[in-house]
Amino acid sequence: MNTRVRTYILENLPLTVRTAHEDNDTLIGLPYPYTTPCVSGMFQELYYWDTYFTNVGLLSVGMTRQAQYNIDNMLYLVKTYGKMPNGNRTYYLNRSQPPFLSQMVRELFDLTQDIAWLYEKAYPALETEYRFWTERRATPSGLNRYGCDLTRDEEYLDIAAYFAERISRPLPADRDTRLAWGKSMMALAESGWDCTSRFALHAHEYIPADLNSLLYLLETNMAYFATVLQMPTDADKWQARACRRQQQMTAQLWDDSRGVFCDVHGKTGVTNRMVSAAAFYPLFAGLATPAQAASTVQALPLLEYEHGIACCEKRDDLLDLQWDHPHGWACLHYIVIQGLRRYGYEDDARRIAQAYTRTVEREFDRTGNLWEKYNVVTGQVSATLEYDTPPMLGWSAGVYLFCEDFLK
């Protein structure tokens, strides 16, 4: 273990905390201090799914109060806006991000056992978040998708032009194609995978394995909370919803030819047979059967490299985006490691945790920083089309601290 990395994290985590009680231009004021992903520079807001992984680190080092502040800010935003926005900026109000809030509540409650907080604040907010996903992001299949709440075509067309410039591709002449690009870009922003070749530039039309796994986790967490709160009718309702989603995911998203859960196009029913790290979300959420988990583990060699887990398998049709091969992100390492552990694949989990920590430590020794993402083939900091890779604390620190504790 590299004690210099841990010392750096512990010294700098407090420097990522911001306080802004009042709205200021595009910034939405929050009732409690909140953690941002970076000490300075980019990303000076509370972000949704980033903060789950940051909280993993905060809880592991005893910074429970700040972890609770982060969650309470999110509960406030859900109560205020009907969903947890991408972040506390007005321009983020048109979308959410992967719904990790129920798991954040679960992990905090496991420590505090604060029944009153669970009943009065967390449970109602999570019901609201669930309605957002199941009503605003519904599909005819019964499963759910990523999307955006913009309503004007002109906004999507502007986003398409921005997207084309960012990924160095010509803007399509056809207006309908440009419109689809804009809608896909905004759905990618909500997915957190902005940008990826995973959805073939039609993200708003796909039923993703990761999102529906997290909604299954929300349903099972709510069943647990309802049981704790002595609400048996609610508990049965949530458990029934989880069972139905598990059945639907197996029927629609399980791909026998690849042996993993894959994303499916909601209109055509065609499976995108790309193997990605999203295939491990059903293991993380506990919805995979033992046989499905074993089959998914067999796909690890498509994603695993000396320096960690790539976002997806290497393919000729990739667009060289930051959520493609060969880039490796802290959050996906955590999902894969925890999914493997949940099904008893401890050796695989430890090997991946060791690869991630070695990569972080080696690049820290070389650069003096933790980084947003790493190239898992070369072991160096990634560089991608979308923007320069920023020095990162946030989820890189949280997942590093988790791996360090796991490997003890």
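As the structure is a computational prediction, the values presented were derived from the model and not from experiment. Just the heavy atoms: all of them, side chains too, but no hydrogens, waters or symmetry mates, feed the values below.
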Could you list the residues that satisfy ring pair (Phe, Tyr, Trp, His ring centres under 6.0 Å) with Trp238, not counting sequence neighbours? Tyr130
With sequence neighbours excluded, residues passing salt bridge (Lys or Arg N to Asp or Glu O under 4.0 Å) with Arg198: Asp210, Asp263
Can you list everything that forms a salt bridge (Lys or Arg N to Asp or Glu O under 4.0 Å) with Asp153? Sequence neighbours excluded, please. Arg175
Please check if atom CD in Glu165 has more than 12 non-hydrogen atoms from other residues, nucleotides or ligands closer than 6.0 Å. no
Which is it for Ile337 and Cys403 under the side chain to side chain contact (heavy atoms under 4.5 Å, CB included) test, yes or no, and what are the steps along the way? CA-CA 9 Å; Ile337 292 166; Cys403 288; 3.8 Å; yes
Geometric class of the Phe402/Phe406 ring pair [parallel <30°, tilted 30-60°, perpendicular >60°]: parallel
Thr35 side chain to Asn70 side chain, donor-acceptor N/O pair below 3.5 angstrom: yes
Quick one, Leu319 and Arg169 - any side-chain contact, counting heavy atoms below 4.5 Å? yes
Does Asp347, at its CG atom, have more than 12 non-hydrogen atoms belonging to other residues, nucleotides or ligands within less than 6.0 Å? no
Please confirm whether the backbone N or O of Phe284 pairs with a side-chain atom of Arg342, one donor and one acceptor, at under 3.5 Å? yes
Quick one: closest heavy-atom pair of Tyr48 and Pro85, and the distance? CB-O, 3.7 Å
How close do His202 and Ser184 get, heavy atom to heavy atom, and via which atoms? N-OG, 3.3 Å
Begin from the C-alpha positions of Asp348 and Arg351 and carry the test salt bridge (charged side-chain N to carboxylate O under 4.0 Å, His left out) through to its verdict. CA-CA 5 Å; Asp348 294 306; Arg351 184 180 66 252; 2.9 Å; yes
To the nearest 0.5 Å, atom OH of Tyr400 lies from atom CD1 of Ile9 at 6.5 Å
Is it the case that atom OH in Tyr119 sees more than 12 heavy atoms from other parts of the structure closer than 6.0 Å? no
What do you reckon, is CD of Glu22 surrounded by more than 12 foreign heavy atoms closer than 6.0 Å? no
Rounded distance [0.5 Å steps], CG in Leu58 versus OG1 in Thr51: 9.0 Å
Answer yes or no: are there more than 12 heavy-atom neighbours, outside Arg315 itself, under 6.0 Å from its atom CZ? yes
Exercise: do Arg245 and Asn144 side chains pair donor with acceptor under 3.5 Å: yes
Where do Val377 and Asn375 come nearest, in terms of heavy atoms and distance? N-OD1, 2.8 Å
Pair Arg341, Gln338: side-chain N/O donor-acceptor within cut-off below 3.5 Å: yes
Quick one: do the Thr3 and Arg6 side chains pair a donor with an acceptor below 3.5 Å? no
NZ or CZ of Arg137 within 45° of Tyr146 ring axis and under 6.0 Å: no
Looking at side-chain heavy atoms only, is the closest gap between Trp193 and Leu321 below 4.5 Å? no
Non-hydrogen atoms of Glu313 and His325 that approach each other most closely: O-CB, 3.9 Å
Could you state the interatomic distance from OH (Tyr47) to OG1 (Thr36), rounded to the nearest 0.5 Å? 9.0 Å
Are the side chains of Val260 and Ser295 in contact, using a 4.5 Å heavy-atom criterion? no
Rounded to the nearest 0.5 Å, what separates atom OH in Tyr343 from atom CG in Leu283? 5.0 Å
Nearest-0.5 Å distance that lies between atom CG in Leu77 and atom CG in Leu30: 5.0 Å
Who passes ring pair (Phe, Tyr, Trp, His ring centres under 6.0 Å) against Phe225, sequence neighbours left out? none
Do we see a donor-acceptor contact under 3.5 Å between the side chains of Gln322 and His327? no
Within the structure provided, determine whether Tyr281 and Leu211 are in side-chain contact (heavy-atom separation under 4.5 Å). no
Side chains of Glu107 and Asn55: any donor to acceptor distance under 3.5 Å? no
So do the side chains of Met186 and His204 get within less than 4.5 Å of each other, counting heavy atoms only? no
Start with the C-alpha distance between Glu205 and Lys267, add both sets of side-chain angles, then the distance that settles salt bridge (charged side-chain N to carboxylate O under 4.0 Å, His left out), and finish with yes or no. CA-CA 7 Å; Glu205 296 176 341; Lys267 294 181 179 179; 3.7 Å; yes
If you take the centroid of each ring, where Trp contributes its six-membered ring, are Phe53 and Phe100 closer together than 6.0 Å? yes
Determine, stepwise, if the pair Arg358 / Glu306 fulfils salt bridge (charged side-chain N to carboxylate O under 4.0 Å, His left out). CA-CA 10 Å; Arg358 284 198 300 266; Glu306 179 184 355; over 6 Å; no
Any ring pair (Phe, Tyr, Trp, His ring centres under 6.0 Å) pairs touching residues 353-375, not counting sequence neighbours? Tyr8-Phe364, His333-Tyr356
Using the rule given for side chain to side chain donor-acceptor pair (under 3.5 Å), can you reason through Thr128 versus Arg131, listing the C-alpha separation, both sets of side-chain angles and the distance that settles it, and then say yes or no? CA-CA 5 Å; Thr128 299; Arg131 284 195 298 273; 3.2 Å; yes
Pairing donors with acceptors under 3.5 angstrom, does anything connect the side chains of Asn369 and Thr367? no
Rounded distance (nearest 0.5 Å) linking atom OH of Tyr69 with atom OG1 of Thr19: 9.0 Å
Is the number of heavy atoms from other residues, nucleotides or ligands under 6.0 Å of Arg65 CZ greater than 12? no
May I have all residue pairs that pass salt bridge (Lys or Arg N to Asp or Glu O under 4.0 Å) and include part of residues 28-51, sequence neighbours excluded? Glu45-Arg89
